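Values reported hereafter were calculated over all heavy atoms of this structure, with side chains retained and with hydrogens, waters and symmetry mates removed. In this text, all values refer to a predicted model and were calculated from it rather than measured experimentally. Note that ligands are numbered from 1 as they come in the structure, with each ligand's atoms numbered from 1 the same way.
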Amino acid sequence: MFNNAIVRTPAPTLVQGITSAPELGVPDYEKALSQHQQYIKALEACGVQVRVLEKDDQYPDSCFVEDVAVCTRAFAMVTNPGAATRKGEERDLPQILGDYYENIEKIQAPGTLEGGDVMMVKDHYYIGLSDRTNREGAEQFITALEKYGMTGSVIEMEEMLHLKTGLAYLEDNILLVAGEFRQREEFRSFIRVEIPEDEGYAANCIRVNDYVIVPEGFDKTRKLIEAAGLKVKTVDTSEYRKLDGGLSCLSLRF
Ligand code: CIR
């Protein structure tokens with residue numbers, strides 16, 4: 001059960017955010033703001049209290065607040081982002097998370113970790129080793145998890161930006177899998193829902209209490225999730241997609 005979410009209003013510098021898909025075009029800032037409002041409404045409709053952080057123009061990717069912290073049941077981990085232009089984006093998170101958590105930990109350099117590479121399955125955390133998250137960062141996180149009675153394991157990655165670019169745990173043992181994660185041994189014990197190749201972006205869904213929020217316009221994926229017995233809400237994230245961002249990236253949920 002999630003009671004809280006933290007989001008950060010996109011800054012006008014959003015248009016300079018990191019992208020691996022420049023062919024999708026530059027995000028329309030006004031449209032991104034309105035999609036952000038819809039996202040907040042959807043989270044609220046799922047029963048969470050949403051805290052909206054001030055925009056931070058110094059960091060074009062700062063609306064992707066998932067990457068700067070990992071919120072567990074016992075502690076919050078403030079990360080050290082691996083992307084050069086995102087280093088420092090986490091600077092006000094210890095104070096903000098201090099309103100919710102007694103225990104705050106921090107990934108220390110040379111360790112790097114971005115929250116998009118962390119997938120929670122009850123008290124176990126899968127950590128993707130990506131261009132953004134290194135082994136040292138993953139080990140620091142696993143050490144912290146063990147200190148609080150939880151566990152973690154690493155997943156080698158080759159193609160995706162973040163672990164949750166291609167995976168979403170929807171509770172009830174249901175796991176959405178796309179691309180390089182479709183046939184992985186590590187996920188055999190889950191009920192796996194394979195995302196069709198032409199809808200790969202839609203693997204980045206979020207389960208928030210009674211609903212799964214799915215990006216708008218990915219009907220095959222929506223139907224597969226409904227067929228698995230889950231209730232769906234959709235939100236249009238077209239402007240964030242242009243920066244490789246999706247539904248999970250836009251909030252911290254705890
Ligand atoms: C980046 O490359 O860092 C941003 N443009 C997108 C971050 C997406 N975050 C996520 O998947 N958790």
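Contact atoms of ligand 1 toward Gly116: 12 (N) (distance under 4.0 Å to a heavy atom of the residue). Every atom of ligand 1 with a heavy atom of Asp61 under 4.0 Å away is listed here by number and element: 4 (C), 5 (N). Numbered from 1 in the order shown, with element, the atoms of ligand 1 that lie under 4.0 Å from a heavy atom of Leu243 read 4 (C), 5 (N), 6 (C). Ligand-side atoms of ligand 1 in range of Arg132: 1 (C), 2 (O), 3 (O), range being under 4.0 angstrom from any heavy atom.
With a heavy-atom cut-off of 4.0 Å, Asp67 touches ligand 1 through its side chain alone. With a 4.0 Å cut-off on non-hydrogen atoms, Lys164 does not touch ligand 1 at all.
Considering backbone and side-chain N/O of Ser248, none are found under 3.5 Å from N/O of ligand 1. Geometrically, ligand 1 and Phe64 share no nitrogen or oxygen pair separated by less than 3.5 Å. Of the polar atoms of Glu114, none of the N or O atoms is found under 3.5 Å from an N or O of ligand 1, judged by distance alone. Checking only distances, Leu161 never comes within under 3.5 Å of ligand 1, N or O to N or O. Backbone and side-chain nitrogen or oxygen atoms of Glu66 are examined, and one is located within less than 3.5 angstrom of a nitrogen or oxygen of ligand 1. Polar contact with ligand 1: present for Arg86 (N/O pair, distance under 3.5 Å).
Counting only heavy atoms of the protein, atom 8 (C) of ligand 1 lies nearest to Cys249 SG, 3.5 Å.
With 3.5 Å as the limit, one finds a donor-acceptor pair spanning the side chains of Glu66 and Ser248. The closest side-chain donor-acceptor pair between Arg253 and Ser251 falls under 3.5 angstrom. Looking at Thr237 and Tyr201, their side chains do bring a donor and an acceptor atom within 3.5 Å of each other. Residues Asp117 and Thr133 have side chains that bring a donor and an acceptor to within less than 3.5 angstrom of each other.
In this structure a side-chain-to-backbone donor-acceptor pair under 3.5 Å is present from Tyr59 to Lys87.
Atom NZ of Lys55 sits in a sparse spot, with 12 or fewer heavy atoms from other residues, nucleotides or ligands closer than 6.0 Å.
For the pair His36 and Glu239, the minimum side-chain heavy-atom distance is 4.5 Å or more.
Of the listed residues (Phe254, Tyr148, Phe75), just one forms a ring pair (Phe, Tyr, Trp, His ring centres under 6.0 Å) with Tyr101, and that residue is Phe254.
Between Tyr39 and Tyr240, the distance separating the two ring centers is not shorter than 6.0 angstrom.
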